[in-house]
Amino acid sequence: MLELLDRGWRVIATAIAFSSFGLGGLLLRLVYFPLLQLIVRERARQTRLARLSIHHTFRLFIELMRVLGILRYEIVGAERLRRPGLLILANHPTLIDVVFLISLVPNADCVVKAALARNPFTRGPVRATGYICNDSGAGLVEDCVASVHAGNNLIIFPEGTRTPVAGPMKLQRGAANIATRGPCTITPVTIRCEPLSLTKGLPWWKVPVRRMHFTIVVRDDIEVTPFLARAGNEPALAARHLTDYLHDYFSTEKPAHAGA
């Protein structure tokens, strides 16, 4: 009986949390971002303040989910994300992975769908934060490299979407292309959620039998120099080798040595 009541509460709590998230986003769009653009004229400062507001909003959202009893979490090595100019690559098991990561990174940059930049409800925040749109074609990799070199912390999910519950992890080559063409050292983050929930194709209201426990580990940096050397300094070939390596890395968490 207690388990049934707990599960029922977590359905209600999840609805409260996501409703609050939507309301917070609406307030940012209608109030905060218009005021920010009106008061702060310097574009670089406007971008920093906009990203900082998203960072704190996401921190509040994660804390709200914890207080409501929806999830617990453990974060290892968060201090490593405070360094500037990082290319942060992570696996993507759940809907709120990006929320967790941005809550840990005050000056986070990320790649968003071009549709969000055209949508009247989201184009204000996207424009204010200076997030990279994925409609730049061949220029997308260059934009991402430029962001990292400018000192931003760029968050990328190499899979491009959430990991399917049934089936193997499939990585796109875009993240590896950014790393090898930069070249940019990779800061890998592994995300685990037990029991698994908020996955691709699973409705938010289908809560697991017990509250989710997230384990987020910021791991040692991965240098891309060995991959470039192995590929004869050909970034495209190095990106292919690096993608295979990252697939094993995020699949097993026990990767072979990069030079192997």
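Below, each value reflects all heavy atoms present in this structure, side chains not excepted, and no hydrogens, waters or symmetry copies.
Counting heavy atoms from C-beta outward, Pro183 and Thr225 have side chains that stay 4.5 Å or more apart. Side-chain contact between Val112 and Cys133 is present, with at least one heavy-atom pair separated by less than 4.5 Å. Looking at His55 and Arg59, their side chains come closer than 4.5 Å, going by heavy atoms from C-beta outward. Contact of the Leu196 side chain with the Thr94 side chain is registered, since non-hydrogen atoms from C-beta on lie closer than 4.5 Å. When side chains are defined from C-beta on, Ile222 counts as touching Leu246, because their heavy atoms get closer than 4.5 Å.
Annotation: the span from Leu242 atom CG to Arg230 atom CZ amounts to 10.5 Å, rounded to 0.5 Å. Rounding to the nearest 0.5 Å gives a distance of 15.0 Å between CZ of Phe18 and CG of Leu23. We find the OH-CD1 distance between Tyr32 and Ile54 to be 9.0 Å, quoted to the nearest 0.5 Å. Here the straight-line distance linking atom OH of Tyr73 with atom OG of Ser103 works out to 7.5 Å at 0.5 Å rounding. Note: Arg192 CZ to Glu74 CD = 13.5 Å, rounded to the nearest 0.5 Å. Taking OG1 of Thr185 as the reference point, atom CG of Asp220 lies at 12.5 Å (rounded to 0.5 Å).
Linking ILVMFWY residues whenever their side-chain heavy atoms come closer than 4.5 Å, directly or via other members, places Phe100 and Leu68 in the same cluster. In terms of hydrophobic clustering, with Ile, Leu, Val, Met, Phe, Trp and Tyr side chains grouped at heavy-atom distances under 4.5 Å, Leu38 and Val40 are assigned to different clusters. Criterion: ILVMFWY side-chain heavy atoms under 4.5 Å apart, direct or through other members. Under it, Leu60 and Leu26 are not part of a common hydrophobic cluster. A continuous path of Ile, Leu, Val, Met, Phe, Trp and Tyr side chains, each step under 4.5 Å between heavy atoms, connects Val126 with Val99, placing both in one hydrophobic cluster. No chain of hydrophobic side-chain contacts below 4.5 Å, direct or via other Ile, Leu, Val, Met, Phe, Trp or Tyr residues, connects Leu237 to Phe227.
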Please tabulate, one pair per line, all N/O donor-acceptor pairs under 3.5 Å involving side-chain atoms of residues 145-161, not counting sequence neighbours.
unit_1, atom_1, unit_2, atom_2, d
Ser147, OG, Asp109, OD2, 2.6
Ser147, OG, Asn152, ND2, 3.1
Asn152, OD1, Arg51, NH1, 3.1
Asn152, OD1, Asn107, ND2, 3.2
Asn152, ND2, Ser147, O, 3.3
Asn153, OD1, Gly85, N, 3.0
Asn153, OD1, Leu86, N, 2.9
Asn153, ND2, Leu81, O, 3.3
Asn153, ND2, Arg83, O, 3.1
Glu159, OE1, Thr163, OG1, 2.5
Glu159, OE2, His92, N, 3.1
Glu159, OE2, Thr163, OG1, 3.0

Would you list the atom pairs, donor with acceptor, under 3.5 Å between side chains in residues 198-214 and any protein atom, with sequence neighbours excluded?
none

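Closest approach of Ala176 to Thr243, counting heavy atoms only: CB-OG1, 3.3 Å. Across all non-hydrogen atoms, the minimal contact from Arg80 to Asp221 is NH2-OD1, 3.2 Å. Shortest non-hydrogen contact noted between Val224 and Cys184 is CG1-O, 3.4 Å. Contact detail for Pro188 and Tyr249: the closest heavy-atom pair is CG-OH, 3.4 Å. The minimum heavy-atom distance between Thr187 and Arg219, with the atom names listed, is CG2-O, 4.5 Å. Across all their heavy atoms, Val31 and Pro34 have their closest contact at O-CD, 3.4 Å.
The residue from Asn134, Ile178, Leu87, Asn177 that alone fulfils the side chain to side chain contact (heavy atoms under 4.5 Å, CB included) condition with Cys144 is Ile178.
Atom CZ of Arg72 sits in a sparse spot, with 12 or fewer heavy atoms from other residues, nucleotides or ligands closer than 6.0 Å. Counting non-hydrogen atoms of other residues, nucleotides and ligands closer than 6.0 Å to CZ of Arg162 gives a total above 12. Counted within 6.0 Å of CD on Glu42, heavy atoms from surrounding residues, nucleotides or ligands total more than 12; the atom is thus considered enclosed.
Between the Asp248 side chain and the Tyr245 main chain, no donor and acceptor come within less than 3.5 Å of each other.
Ring centroids of Phe21 and Phe58 are separated by less than 6.0 Å, placing the two rings close together.
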Please evaluate residues Asp244 and Arg240 with respect to the criterion salt bridge (Lys or Arg N to Asp or Glu O under 4.0 Å), reporting the C-alpha separation (whole Å), side-chain torsions for both, the decisive distance (0.1 Å), and the verdict. CA-CA 6 Å; Asp244 293 339; Arg240 189 175 72 183; 5.6 Å; no
Under the criterion side chain to side chain contact (heavy atoms under 4.5 Å, CB included), I'd like the reasoning laid out for Arg48 against Leu52: C-alpha separation, chi angles, the key distance, then a yes or no. CA-CA 6 Å; Arg48 285 196 303 273; Leu52 193 61; over 6 Å; no
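Between Arg66 and Glu63 there is a salt bridge, since a side-chain N of the basic residue sits under 4.0 Å from a carboxylate O of the acidic one.
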